[in-house]
Amino acid sequence: MRWSQTLIPTIKEVPSDAEVPSHQLMLRAGLIRQLMAGAYTYLPLGYRALRKAEAIVRQEMERAGAIEIHMPALQPIELFERTGRREAFGNVLINFDLKRGDRRVHLALGPTHEEVVTDLVSKVVTTYKQLPFTLYQIQTKFRNEERPRFGVLRTSEFLMKDAYSFSTSVEQLNDAYDAMYAAYCRIFARCGLEYLPVEAESGPIGGDASHEFMVPAGNGEDTIVRCPKCSYAANMERADTGRQLPAIGQPADCAELTKVDTPNATSIEQVSRMLNCEPSQLVKTLIYSADGKPTAVLVRGDHEANEGKVRRALGAASLELADEDTIREVTGAPVGFAGPVGIKCPIIADHDVPQIVNAVTGANAADAHYTGVNVGRDYQLDTTFDLRDADNGDPCPRCDGTLEHVHGIEVGHVFKLGTKYSKSLDAVYIDEKEDRHPIIMGCYGIGVNRIIASLCETRYDDNGIVWPLSIAPYELLIIPLNIEDEEVMSVANRCYDELTAAGVDVLLDDRKARPGFKFKDADLIGIPLRLVIGGKGLQEGQVELKWRWADGPDKVPVDSAVSEVLSQLDAQRKAEAEKVPQ
RNA sequence: CGGGACGUGGCGCAGUCUGGUAGCGCGCUUGACUGGGGGUCAAGAGGUCGCAGGUUCAAGUCCUGUCGUCCCGACCA
């Protein structure tokens with residue numbers, strides 16, 4: 001492609017709306033333009049990169065034995081009502097009424113396709129002989145994000161590869177899951193991403209039923225807990241703290257239980273300042289409503305309660321912080337003064353809570369706290385749970401290492417679904433004995449746009465994007481320094497023609513512009529290999545070849561320019577391929 | 001949904017407090033010079049200051065409302 005024949009609107013100054021690097025670079029390099037919050041047009045360069053990522057995803061899906069289909073984005077709302085996800089999605093599900101003749105139809109724009117694919121399979125599969133298989137598609141998904149942000153990282157419309165496996169046994173499900181897991185590793189490695197598979201919320205099946213693929217990045221929305229010493233990595237939602245179960249016993253040297261005035265001090269910070277103690281000396285008492293029943297959850301003052309863990313510990317289907325009236329009812333005090341001593345509801349506590357000797361807690365009375373609170377004497381616990389977020393510095397649950405937090409962008413998610421959808425949508429098969437069973441499912445998603453955004457978020461320097469060869473919109477950029485110099489242009493055109501014919505993705509900067517201007521644009525759009533053809537060089541019979549990440553150019557004889565480009569591209573492709581797991 | 005910020009040529013911004021001829025840089029057009037890391041000079045084009053209403057002799061500027069965008073938080077199968 002000739003630069004003058006395509007549309008690459010680069011921008012010198014950083015658009016004021018863009019904050020994160022990927023957003024700034026994608027706008028500046030002319031990859032995308034915004035239509036509205038959460039909706040972007042992919043311009044030629046951005047779309048080429050996106051399609052390259054898509055091609056890699058497709059190749060690896062096929063290699064893993066998945067079969068491609070294409071399902072409608074328009075879906076009847078009724079399917080979501082049958083699985084209960086209309087309510088679960090809530091406002092995120094984009095849905096609307098349409099008039100068709102004298103009747104109305106209620107439709108949704110697919111936020112994902114579990115319902116549609118399960119409905120399809122329920123109508124097509126009858127016997128175990130047809131199973132197992134895995135279907136996939138690459139398609140635009142729609143979600144009414146409450147708050148789209150970070151440019152293209154979180155949008156209300158995005159390209160997703162979604163795959164669904166259908167099996168008759170847990171063993172078959174595990175095989176499909178493992179195949180997808182391996183394919184994902186290959187995909188992200190081929191795309192040149194640094195990725196981290198982390199354990200994620202696994203739902204009803206438990207165990208290792210779910211992994212997220214994260215790209216470590218400072219601006220990632222997710223917090224990952226990982227151990228630098230072993231391979232343990234988990235989403236904050238489910239990361240274990242590695243705390244040993246402590247014995248619950250009344251400590252030896254207890255202070256007296258004392259009620260102290262703490263006017264208007266409702267936060268951990270205010271109380272610790274007023275009473276001149278560390279937040280770790282406090283017990284944070286949170287009143288939750290678990291399936292409608294109030295429960296007090298105790299964690300140490302400097303810890304954060306983890307709602308997923310609380311929900312699992314209580315075996316509750318729904319969990320939310322209790323409203324003000326409930327809090328007054330069980331504590332007899334306004335919000336901010338709850339404590340375990342004399343509270344009128346069940347208590348569960350994190351492992352670290354009974355370890356606090358002479359703790360400070362709310363006194364269940366307005367403007368008052370207790371000091372000298374001790375388990376066994378002032379309140380009772382039978383057992384403790386892991387109820388809090390794993391913290392920086394916590395012990396690793398798998399080895400003697402120390403956990404640390406990193407932020408990440410979720411680019412993929414693999415999940416063992418079980419029979420949730422097949423049961424509600426009646427997707428069953430008959431076995432050898434003519435018994436009917438719900439099909440066992442798995443689902444596997446990749447955010448294709450996020451592959452591009454994560455690359456831009458992690459691979460750049462002061463001058464612009466640094467694409468890997470595998471995803472770069474073009475592999476080679478030819479820059480003739482002076483397009484009015486006939487010899488320069490004839491060499492440039494010859495290289496362009498020969499390399500294009502050889503199957504290389506070549507962009508030729510045929511714009512009438514000064515060299516410095518072209519170099520700046522070249523670095524900004526980040527094409528991996530750059531071939532510079534200038535009048536001075538040609539007088540010495542030489543052209544220049546430079547990788548985007550290299551310090552300086554290599555001089556190459558004009559006559560061997562084409563072969564040198566081909567062999568260097570080949571070597572780079574091999575180098576990138578070596579990082580891909582088998 | 002709670003909190004905050006911002007809407008002025010294509011982009012980045014000043015002007016708003018204290019009402020009185022709409023400005024700067026980049027980009028764009030034309031010409032000349034220049035020609036290896038976002039050039040120089042000259043001459044131009046381009047904006048009903050997000051929108052609506054109000055106050056005023058007079059509104060980019062003050063008031064009310066509204067729409068939009070971004071950031072923090074909540075939410076996120």
Side-chain angles (χ1 to χ4, degrees), chain A residues 9-20 23-24 27-28 30 33-40 75 79-80 83-94 108 110-118 141-151 153-156 158 160 162 164 200-204 210 212 219 221-222 235 237 307-308 320-321 410 413 415 417 420-421 424 441 443-445 447 462-464 479-485 488 509 511-525 530 532-539 542-544 546 552-553 555:
Chain A
T10 57
I11 307 171
K12 181 147 60 167
E13 292 181 86
V14 179
S16 61
D17 281 349
E19 189 118 332
V20 299
H23 193 199
Q24 294 183 353
L27 285 168
R28 290 222 297 133
R33 276 299 147 94
Q34 184 180 46
L35 175 64
M36 57 181 184
Y40 289 82
Q75 313 177 353
L79 278 181
F80 290 92
T83 58
R85 284 216 298 179
R86 180 173 183 188
E87 201 185 3
F89 272 117
N91 197 237
V92 172
L93 185 68
I94 298 176
T112 172
H113 278 68
E114 279 85 1
E115 279 82 1
V116 174
V117 78
T118 309
K141 302 287 190 256
F142 299 88
R143 295 180 195 187
N144 180 37
E145 291 293 345
E146 297 287 321
R147 186 184 157 208
R149 57 176 144 179
F150 301 141
L153 278 172
R154 188 164 201 80
T155 53
S156 15
F158 56 96
M160 180 170 170
D162 46 326
Y164 307 90
E201 268 304 332
S202 51
S210 174
E212 288 167 340
N219 290 302
E221 285 189 281
D222 292 273
N235 194 304
E237 291 163 4
E307 293 198 0
E320 55 187 4
L321 280 170
E410 183 186 347
H413 195 167
F415 200 101
L417 280 174
K420 177 179 175 190
Y421 296 97
S424 53
M441 294 173 54
C443 69
Y444 318 91
D462 290 346
N463 295 316
I479 302 182
L481 289 183
N482 181 355
I483 65 163
E484 282 162 342
D485 182 323
V488 165
D509 190 351
R511 295 174 300 172
K512 182 180 183 330
R514 296 167 63 87
F517 189 91
K518 291 187 173 187
F519 289 141
K520 286 290 185 189
D521 261 357
D523 285 348
L524 180 57
I525 69 171
R530 190 184 82 184
V532 173
I533 298 163
K536 287 178 192 164
L538 283 188
Q539 282 172 14
Q542 289 183 320
V543 293
E544 286 168 17
K546 178 184 174 298
K555 289 194 192 304

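Order of the sequence lines sets the chain letters (A, B, ...), proteins ahead of strands, with each chain counted from 1. All heavy atoms count here, side chains included; hydrogens, waters and symmetry mates do not.
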For this session: Could you check how far CG of A:Asn144 sits from P of B:C1, rounded to whole Å?
Result: 10 Å
Exercise. Contact class for A:Ala37 vs. all strands (heavy atom < 4.0 Å): base, sugar-phosphate, or nothing?
Worked result: sugar-phosphate
Exercise. Separation of A:Ile483 atom CD1 from B:U34 atom C1', in whole Å?
Worked result: 16 Å
For this session: Round to a whole Å and report the spacing from CG of A:Leu153 to P of B:C71.
Result: 10 Å
Exercise. For the atom pair CD1 (A:Ile11) and CZ (A:Arg33), what is the distance rounded to the nearest 0.5 Å?
Worked result: 4.0 Å
Problem set entry | Same-atom distance (P) from B:U66 to B:G2, integer angstrom | 13 Å
Problem set entry | Touch class at under 4.0 angstrom, heavy-atom based, for A:Phe80 against every strand present | nothing
Exercise. Does B:C6 have a Watson-Crick or wobble mate here (both distances under 3.5 Å), and if so which one?
Worked result: B:G68
Problem set entry | With sequence neighbours excluded, residues passing side-chain hydrogen bond (donor to acceptor under 3.5 Å, both in side chains) with A:Asp509 | A:Arg511
Problem set entry | Strand partner of B:A45, provided both Watson-Crick or wobble distances fall under 3.5 Å | none
For this session: Specify the separation, in whole Å, of atom CD of A:Glu221 and atom C1' of B:C72.
Result: 13 Å
Problem set entry | B:G35 and B:A22, which share atom name C1', separated by this distance in whole Å | 37 Å
For this session: Salt-bridge test for A:Arg85 and A:Glu114: reply yes if a basic N is under 4.0 Å from a carboxylate O, no otherwise.
Result: yes
Exercise. Taking the P atom of each, how far is B:U69 from B:A59, in whole Å?
Worked result: 30 Å
For this session: Using the side-chain contact (heavy atoms from CB on, under 4.5 Å) rule, pick out the option among A:Lys420, A:His113, A:Met441 that qualifies with A:Thr118.
Result: A:Met441
Seminar exercise, completed: 5'-most contact on RNA chain B (nearest-nucleotide basis), A:Val20 vs A:Arg85, goes to A:Val20
Exercise. Can you tell me how far the CG atom of A:Leu524 sits from the CZ atom of A:Phe519, to the nearest 0.5 Å?
Worked result: 15.0 Å
Problem set entry | Chi angles and distances behind the side-chain contact (heavy atoms from CB on, under 4.5 Å) call for A:Tyr164, A:Thr112 | CA-CA 11 Å; A:Tyr164 307 90; A:Thr112 172; 3.6 Å; yes
For this session: Taking the side chain as every heavy atom from C-beta outward, state whether A:Ile483 and A:Val488 have any atom pair closer than 4.5 Å.
Result: no
Problem set entry | Complementary nucleotide for B:A58 - Watson-Crick or wobble, under 3.5 Å | none
Problem set entry | Spacing of the C1' atoms in B:A45 and B:U29 (rounded, Å) | 7 Å
Exercise. When the distance from CD of A:Glu19 to P of B:G12 is rounded to whole Å, what number comes out?
Worked result: 14 Å
Quick one: which protein N/O atoms are closer than 3.5 Å to N/O atoms of nucleotides 35-43 of chain B? Pair and distance per line, please.
unit_1 : atom_1 : unit_2   : atom_2 : d
B:G36  : OP2    : A:Lys536 : NZ     : 3.3
B:G36  : N1     : A:Glu544 : OE2    : 3.0
B:G36  : N2     : A:Glu544 : OE1    : 2.4
B:G36  : N2     : A:Glu544 : OE2    : 2.9
B:G37  : O6     : A:Arg530 : NH1    : 3.1
B:G37  : O6     : A:Arg530 : NH2    : 3.3
B:G37  : N1     : A:Asp523 : OD2    : 3.0
B:G37  : N2     : A:Phe519 : O      : 3.4
B:G37  : N2     : A:Asp523 : OD2    : 2.4
B:G38  : O2'    : A:Lys12  : NZ     : 2.8
B:G38  : N1     : A:Asp521 : OD1    : 3.0
B:G38  : N2     : A:Asp521 : OD1    : 3.4

Seminar exercise, completed: Mate of B:U40 across any strand shown (Watson-Crick or G-U wobble, both atom pairs under 3.5 Å) is B:A32
Exercise. What is the distance, rounded to the nearest whole Å, between atom CD of A:Gln24 and atom C1' of B:G12?
Worked result: 13 Å
Exercise. NA contact type, A:Pro111, heavy-atom cut-off 4.0 Å: base, sugar-phosphate, or nothing?
Worked result: nothing
Problem set entry | C1' atoms of B:G12 and B:A58, separation to the nearest Å | 31 Å
Exercise. Starting at CG of A:Asp17 and ending at P of B:G50, how long is that distance when rounded to a whole Å?
Worked result: 15 Å
Exercise. Distance between the C1' atoms of B:G31 and B:C71, in whole angstroms?
Worked result: 46 Å
Exercise. What's the closest nucleotide to the A:Arg147 side chain, out of B:G12, B:U69, B:A74?
Worked result: B:A74
Exercise. What is the distance, rounded to the nearest whole Å, between atom CD of A:Glu146 and atom P of B:G2?
Worked result: 11 Å
Exercise. Partner of B:G73 by Watson-Crick or G-U wobble geometry, both contacts under 3.5 Å, or none?
Worked result: B:C1
Problem set entry | B:U34 versus B:U16 - spacing of their P atoms, nearest Å | 45 Å
For this session: Quick one: pull up OG1 in A:Thr155 and CE in A:Met36 and give me the separation to the nearest 0.5 Å.
Result: 10.0 Å
Problem set entry | Separation of the P atoms in B:G46 and B:U64, to the nearest angstrom | 36 Å
Exercise. Which sits closer to the 5' end of RNA chain B, A:His23 or A:Phe158, going by the nucleotide each is nearest to?
Worked result: A:His23
Problem set entry | Counter-base of B:G23, judged by Watson-Crick or G-U geometry with both distances under 3.5 Å | B:C13
Problem set entry | Residue list, salt bridge (charged side-chain N to carboxylate O under 4.0 Å, His left out) with A:Glu145, at least two apart or on another chain | A:Arg154
For this session: Would you indicate, yes or no, if B:C13 has its OP1 or OP2 atom less than 4.0 angstrom from a side-chain nitrogen or oxygen of A:Ser16?
Result: yes
